[in-house]
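Below, read A as the first sequence line, B as the second, and so on, with proteins coming before strands; counting in each chain starts at 1. Everything quoted here is computed from the prediction, not taken from an experiment.
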Number of protein chains: 2
Amino acid sequence: MNYDERFSKALHMTARQWRAALDRRLRDLGMSEAAWMTIAAAAKSTPAPSQSELAQMLAVEPASMVAMIDRLTRLGFVERVPSPSDRRVKHVAVTAAGQAVYERIHQEATVFRAETLSRIDPQKLTIATEVIEQLQLIIADA
Amino acid sequence: MNYDERFSKALHMTARQWRAALDRRLRDLGMSEAAWMTIAAAAKSTPAPSQSELAQMLAVEPASMVAMIDRLTRLGFVERVPSPSDRRVKHVAVTAAGQAVYERIHQEATVFRAETLSRIDPQKLTIATEVIEQLQLIIADA
DNA sequence: ACTTAATAGTTAGACACCTAACAATAAGGT
DNA sequence: ACCTTATTGTTAGGTGTCTAACTATTAAGT
């Protein structure tokens with residue numbers, strides 16, 4: 001199996017394994033990786049981003065963002081705020097509980113990454129990160 | 001954002017984008033990346049692997065493999081063959097149609113990978129592949 | 001021979017996405 | 001002012017996973 005095939009297989013399987021491991025880790029906090037990434041993206045945006053903007057930041061389809069925001073709203077971590085100037089738009093505001101869980105999980109994720117990524121040569125991790133980011137742009141252009 | 005955070009975010013988003021792009025490409029052939037990987041793993045095994053063995057090859061939970069095999073059986077690409085010697089075990093045999101689609105999509109996937117991965121420096125791709133594979137082992141040990 | 005532990009596969013419920021189609025609203029063009 | 005196009009968010013149906021619990025069967029231990 002050449003590196004092309006190895007790469008695509010590894011990308012698929014490792015991304016799933018990583019997310020499953022992190023989801024297990026975050027389970028006790030009632031959170032998943034994808035949910036936390038959504039809160040993180042919203043928390044970092046000023047003013048509160050619209051649903052479309054959030055979807056774009058996380059490279060998911062707008063339809064997918066609807067259910068994610070539904071779940072986070074039900075958990076009390078975010079709320080939908082209608083735009084005063086555009087009746088189509090709803091902004092996603094992080095609640096105080098959401099901000100607290102964001103910070104809490106940011107710590108957990110940092111520990112998890114340290115436990116795992118610290119065992120990889122930093123220079124190789126840098127190259128791998130840049131390759132994967134570059135690939136994302138290539139795919140977007142395709 | 002340091003490389004740790006960038007890496008895990010890139011891994012998540014790029015794996016999803018890659019698979020979505022490949023799924024779009026394979027749509028006309030009635031196939032997805034995950035389905036094709038399952039057929040490929042079964043096709044490469046002699047004798048036909050059990051469901052548990054397939055799940056292990058692809059690093060998914062056995063329960064997840066049940067639905068995948070259900071779908072592939074419905075499509076006529078594989079069939080479950082009860083073991084003559086162990087009533088618990090079912091082997092996953094690739095049908096002639098499955099073999100044909102496997103070869104067809106192997107070509108498509110090769111073209112897709114060539115179109116995308118050829119734009120990445122081969123040495124960097126090698127390093128990235130090894131890093132991701134190494135990470136998978138680290139996660140498995142955690 | 002019998003009991004206990006392990007294995008294989010299944011079912012149920014949930015999450016995280018995708019595509020396609022739709023309604024409401026805003027923007028752009030004439 | 002009116003019509004057409006684009007945008008935003010939603011709904012529906014589907015795929016691909018996960019965890020937890022279960023049943024049937026085999027293996028191991030006594």
Check your understanding: Mapping B:A67 and A:R80 onto DNA chain D by nearest heavy atom, which one lands closer to the 5' end?
Key ->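 Result of the comparison: A:R80.
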Practice item. Examine C:dG9: is either OP1 or OP2 under 4.0 Å from a nitrogen or oxygen in the side chain of B:S52? Give yes or no. Key: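 B:S52 to C:dG9 OP1/OP2: side-chain N or O found under 4.0 Å.
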**Study point:** Residue-phosphate contact under 4.0 Å: B:Q17 side-chain N/O, C:dC17 OP1/OP2
**Key:**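 So the side chain of B:Q17 is outside the cut-off, no N or O lying under 4.0 Å from OP1 or OP2 of C:dC17.
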Review point. Where the side chain of A:M68 is concerned, which of D:dG9, C:dA26, C:dA16 is the nearest nucleotide?
Key: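 Selected nucleotide (nearest to the side chain): C:dA16.
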Exercise for review: Output the single nucleotide from C:dA16, D:dT26, D:dG16 whose closest atom is nearest the side chain of B:R88.
Suggested key: D:dT26
**Study point:** B:K124 side, atom NZ; B:T129 side, atom OG1 - distance, nearest 0.5 Å
**Key:**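 B:K124 NZ to B:T129 OG1: 13.5 Å, rounded to 0.5 Å.
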Could you tell me whether [X] contacts a base, only the sugar-phosphate backbone, or nothing, with contacts defined as non-hydrogen atoms closer than 4.0 Å?
X	answer
A:V66	base
A:E61	base
B:A63	base

Study note, to complete from the structure: By nearest-nucleotide position on DNA chain C, the 5'-leaning member of B:R24 and A:A35 is A:A35
Practice item. Please check if the side chain of A:T95 supplies one atom and the backbone of A:G76 the other of a donor-acceptor pair under 3.5 Å. Key: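 Yes, because the side chain of A:T95 sits within donor-acceptor range (under 3.5 Å) of the backbone of A:G76.
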Check your understanding: Are the side chain of B:S45 and the backbone N or O of B:A48 linked by a donor-acceptor pair below 3.5 Å?
Key -> no
In whole Å, I'd like the distance from the [atom1] atom of [X] to the [atom2] atom of [N].
X	N	atom1	atom2	value
A:L26	C:dA14	CG	C1'	17 Å
B:R27	D:dG16	CZ	P	12 Å
B:H12	C:dA16	NE2	P	9 Å
A:D70	D:dT10	CG	P	7 Å

